[in-house]
Trainee: 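Can you keep this structure in mind? I'll have questions shortly.
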Amino acid sequence: MGTSFSVIPVIDLRHGRVVRARRGERHSYAPIETPLAKGSEPGPIAAALVGAVGARILYLADLDAIMDGAPPDLTAVAAVARACPGVALWLDAGFAEAAAVETVIAGGLARPVLGSESQRDPDLVRACGARAILSLDRSGAERLDPAGLHARPGIWPDDVIVMSLDRVGAGQGPDLDGLAAARALAPRARVYAAGGVRGAGDLAALRAAGAAGALVASAIHDGRIGAADLGER
């Protein structure tokens, strides 16, 4: 896919287990069943996903933190880090307060992802700068964005995710229009697509559209994307 494009596997954590995400309907997510590994413990699943595509980055969504306001599950994050040495971890744990973000950064286990759905004030994004990743969350046409971050490209960090929750696990294809809109607002940012990737054809379309990479889970678990589909990276 070219050296500038990254395939980033995703694991969603709920109650210490990896769950299968679909359409952002988080309360219905069940422990994952995958041919890549036995069970649903985070470490083995993470290692299998990384190995399947030779990933250099892994995205973790801590749903207990995002949905319930629980502290980040750093025990699970540490287990993933041990299972995936040398892989950079991006952690979305519903961060909305500077103290929690600084704790994760200081611990060195992961780089925090600031989801727009969780932000109440744009100052946290501004203060974190390039130390964090911004996820511009939406479901269908609805922006999940209490702080209005979609319309503030001047404070976006270097890495931005266009997160289409309604497309996650739904096989609808990525949001190329949303990607193009974000790239037009912040042409110097690295913009990643999340949600809807069905196979290598979608990866090629995203790369052609200027994406820096794609966040993928279902297509890897289902064998629709593997190392052989990625070509030169």
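Source: prediction; values computed, not measured.
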Trainee: Quick check for you: to the nearest 0.5 Å, what is the distance between I133 atom CD1 and D92 atom CG?
Mentor: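 If I round to the nearest 0.5 Å, the distance is 9.5 Å.
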Trainee: Strictly distance-based, threshold 3.5 Å: is any side-chain N or O of D62 a donor or acceptor partner for the main-chain N or O of D73?
Mentor: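 Yes; judged by distance alone, with no hydrogens or angles, the pair exists.
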Trainee: Are any of the side-chain nitrogens in E117 or R143 under 4.0 Å away from the carboxylate oxygens of its partner?
Mentor: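 Salt bridge: no.
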Trainee: Taking only residues at least two apart or on different chains, which pairs with a member in residues 85-114 satisfy ring-ring contact (aromatic ring centres under 6.0 Å, His included)?
Mentor: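 Listed once each, the pairs are W90-Y192.
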Trainee: Could you measure the distance from the CZ atom of R126 to the CH2 atom of W156? Nearest 0.5 Å is fine.
Mentor: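 Going from the CZ atom of R126 to the CH2 atom of W156 covers 14.0 Å.
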Trainee: How long is the gap from CE on M163 to CD1 on I161, to the nearest 0.5 Å?
Mentor: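 Here the interatomic distance stands at 5.5 Å.
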Trainee: To the nearest 0.5 angstrom, please state how far the OG atom of S6 sits from the CZ atom of R190.
Mentor: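 With rounding to 0.5 Å, OG (S6) is 9.5 Å from CZ (R190).
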Trainee: How long is the straight-line distance from CG of D145 back to CZ of R152, given to the nearest 0.5 Å?
Mentor: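 Result: 9.5 Å between the selected atoms.
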Trainee: Salt bridge check, D68 against R14: does any charged N sit closer than 4.0 Å to a carboxylate O?
Mentor: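 Salt bridge between R14 and D68, a charged N being under 4.0 Å from a carboxylate O: yes.
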Trainee: Going by the rule salt bridge (Lys or Arg N to Asp or Glu O under 4.0 Å), which residues pair with R188 if we only count those two or more places apart in sequence or in a different chain?
Mentor: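 Per chain and number, R188 pairs via salt bridge (Lys or Arg N to Asp or Glu O under 4.0 Å) with no residue.
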Trainee: As a quick check of understanding, evaluate side-chain contact (heavy atoms from CB on, under 4.5 Å) for I105 and V101, giving each step before the final call.
Mentor: CA-CA 6 Å; I105 292 173; V101 174; 3.7 Å; yes
Trainee: Against L58, only a single residue in V80, L91, V10 fulfils side-chain contact (heavy atoms from CB on, under 4.5 Å); can you say which?
Mentor: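 Answer to the side-chain contact (heavy atoms from CB on, under 4.5 Å) test with L58 among V80, L91, V10: V80.
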Trainee: Would you mind checking if R111 and D159 are paired as a salt bridge, meaning a charged N to carboxylate O distance below 4.0 Å?
Mentor: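 R111 and D159: salt-bridged.
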Trainee: Does the D166 side chain pair with the main chain of G140, one donor and one acceptor, at a distance under 3.5 Å?
Mentor: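 Judged by distance alone, yes, a pair lies under 3.5 Å.
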Trainee: Name all residues meeting the side chain to side chain donor-acceptor pair (under 3.5 Å) criterion together with R17; count only those two or more places apart in sequence or in a different chain, and write none if there are none.
Mentor: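 Once residues adjacent in sequence are excluded, R17 has no partner under the side chain to side chain donor-acceptor pair (under 3.5 Å) criterion.
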Trainee: Return the CG to CD1 distance between L215 and I8, rounded to the nearest 0.5 Å.
Mentor: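 Those atoms lie 5.0 Å apart.
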